[in-house]
Amino acid sequence: MLYHLYDMQHAALRPMRLMAEAAQHTFQNPFSPVSYTRLGRAMAAGAELLERTTRRFPKPAFGLKTTVVNGETVAITERFALQKPFCNLLHFAKPEGTPAQPRVLLVAPMSGHHATLLRGTVAALLADHDVFITDWVDARLVPLARGRFDLDDYINTVAEMIRFLGPQTHVIAVCQPAVPVLAAVSLMAAADEPVQPRSMTLMGGPIDPTANPTVPVQLAASRPLSWFERNVITTVPAYYPGGFRQVYPGFIQLSGFMSMHLDRHIGEHIGLFRHLVRGDGDSAEQHRRFYDEYLSVMDLSAEFYLQTIETVFQKHDLANGTMISRDRKVEPAAIRKTALMTVEGELDDISAPGQTEAAHRLCASLPDEMRGRHYQKGVGHYGIFNGRRWRENIMPAVREFIRKHDVV
């Protein structure tokens, strides 16, 4: 019923949304004298805010058309290198003849937002790397006949993509996938597979949530798994491609994200109104770009969500050395061929400092020369992989670590 109520609310607001959209166009019409007045701009700004707060935002495009390699502008072509029911491996391909670059598998989080949330991450990496990204599929769009998808499937998918890309691959995990990526590399190492990544960079991930518990960690640990099953899991309505699939809806996750910093989000929208009234188009467009991405969400399969809550945030299996994936024990100490780098942000309130650093303790067999650490002051969770500090401080450190270990 939860999904049906959500859709009914969206449908009920449609007339208001259409009226707001019409008012916005009316008061922005260049042939109308009132559009050049402060009152007209205020009316248009208010209508835009109303329209945006009642709209559903579709999955954005990456829109990365070019990058600069060795001072030359080269075209970027997005193409799927591998397609799975729940994940597509997207390649940002450069033209033939482009100098060879380290191959990077960027593992995007499956935590409610689309992989396009890492657009800035990809853009900064493209100049010096051959970039692939896990483009996760919205669970409500996957037909029930395509099967289930849980944390073990996630781990297997990461391992499969590493094998597909070859032993020269460098893996970067942003946030949530730090755990399944470390698990996948551990299992490959324990099996002594010939295809193991050359390096693994874990950024702001909950390797050991108990190292520095945050509000989301405390929430996950404070309630039994049955509470999550009863209160946040729902069934996709029959009129979606994934009808009757059990999911953790993206709109619930978004509500959680928004409530953590509600005052900040309200302030940002008030700021948008002021920018529009003043005619500050650049600032308004910057706000739109961010929130078009932030408010675009996807559903997660229920089994993946519940298994992650239990394994990572309640039992802390990876940190405790008790993690099992499909009858295989996950032993990070088995990793000897893959260099490890961790990245943490001082103000991260999702995966606080110490949670990701714990990976070094678990990967006990690696010598010091195969380890790297970066602690960035003044950034929160989003700033680890997007924005000025990412481009100017964090990405160069990651790039140098990859270059150091991009040798046979």
Side-chain angles (χ1 to χ4, degrees), residues 57 59-68 76 78 90 92 104-129 131-136 170-178 181 201-206 214 216 250 253-254 256-258 260-261 264-265 267-268 271-272 282-298 341-353 355-356 374-402:
F57 292 80
K59 178 185 177 182
F62 276 98
L64 300 172
K65 303 299 183 182
T66 61
T67 190
V68 178
I76 297 296
E78 296 179 23
L90 182 61
F92 297 91
V104 168
L105 171 60
L106 181 61
V107 184
M110 184 188 277
S111 56
H113 283 108
H114 297 282
T116 49
L117 190 69
L118 303 189
R119 183 184 296 102
T121 319
V122 174
L125 290 169
L126 274 176
D128 301 293
H129 308 87
V131 182
F132 295 74
I133 191 171
T134 56
D135 191 13
W136 302 104
H170 301 268
V171 184
I172 300 176
V174 179
C175 187
Q176 168 268 322
V181 164
T201 301
L202 308 180
M203 303 176 61
T214 55
Q253 181 74 324
L254 179 61
F257 284 143
M258 296 288 284
M260 287 182 64
H261 302 288
R264 182 188 305 171
H265 292 297
E268 288 291 335
L272 172 62
D282 290 341
S283 297
E285 185 56 31
Q286 185 177 358
H287 173 100
R288 292 190 193 102
R289 283 198 301 267
F290 175 81
Y291 277 98
D292 284 358
E293 186 75 60
Y294 191 78
L295 298 175
S296 174
V297 292
M298 57 178 281
M341 181 177 188
T342 56
V343 177
E344 296 185 321
E346 178 188 18
L347 307 178
D348 192 338
D349 56 359
I350 303 294
S351 297
Q355 292 190 23
T356 314
H374 186 89
Y375 178 80
Q376 184 62 49
K377 292 187 176 182
V379 300
H381 189 71
Y382 189 76
I384 293 175
F385 56 89
N386 259 312
R388 182 174 60 84
R389 300 284 178 81
W390 153 249
R391 294 190 301 270
E392 296 179 1
N393 303 112
I394 301 173
M395 192 281 293
V398 173
R399 180 183 59 204
E400 291 308 310
F401 183 78
I402 288 174

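Sequential numbering from 1 along the given sequence is applied to the chain's residues.
Partners of F92 by ring-ring contact (aromatic ring centres under 6.0 Å, His included), not counting sequence neighbours, listed by chain and number: F62.
Atoms CD and CE, on E400 and M395 in that order, are 9.5 Å from each other to the nearest 0.5 Å. I402 contributes atom CD1, which lies 6.0 Å from atom NE2 of H170 (distance to the nearest 0.5 angstrom). One finds the NZ atom of K65 at 6.5 Å from the CD atom of E78 (value rounded to the nearest 0.5 Å).
Counting heavy atoms from C-beta outward, I350 and Y382 have side chains that stay 4.5 Å or more apart. Side-chain contact between D349 and L347 is absent, with no heavy atoms from C-beta onward closer than 4.5 Å. Counting heavy atoms from C-beta on, the side chains of Q376 and V343 never come closer than 4.5 Å. No side-chain heavy atom of M298 sits under 4.5 Å from any side-chain heavy atom of K59. Side-chain atoms of V122 and T116, non-hydrogen and from C-beta on, never get closer than 4.5 Å to each other. Using a 4.5 Å heavy-atom threshold, the side chains of T214 and Q355 count as touching.
The stretch residues 382-391 participates, sequence neighbours left out, in these salt bridge (Lys or Arg N to Asp or Glu O under 4.0 Å) pairs: R388-E392.
Screening L106, L202, V181, V104 for a side-chain contact (heavy atoms from CB on, under 4.5 Å) with V171, the sole residue that qualifies is V181.
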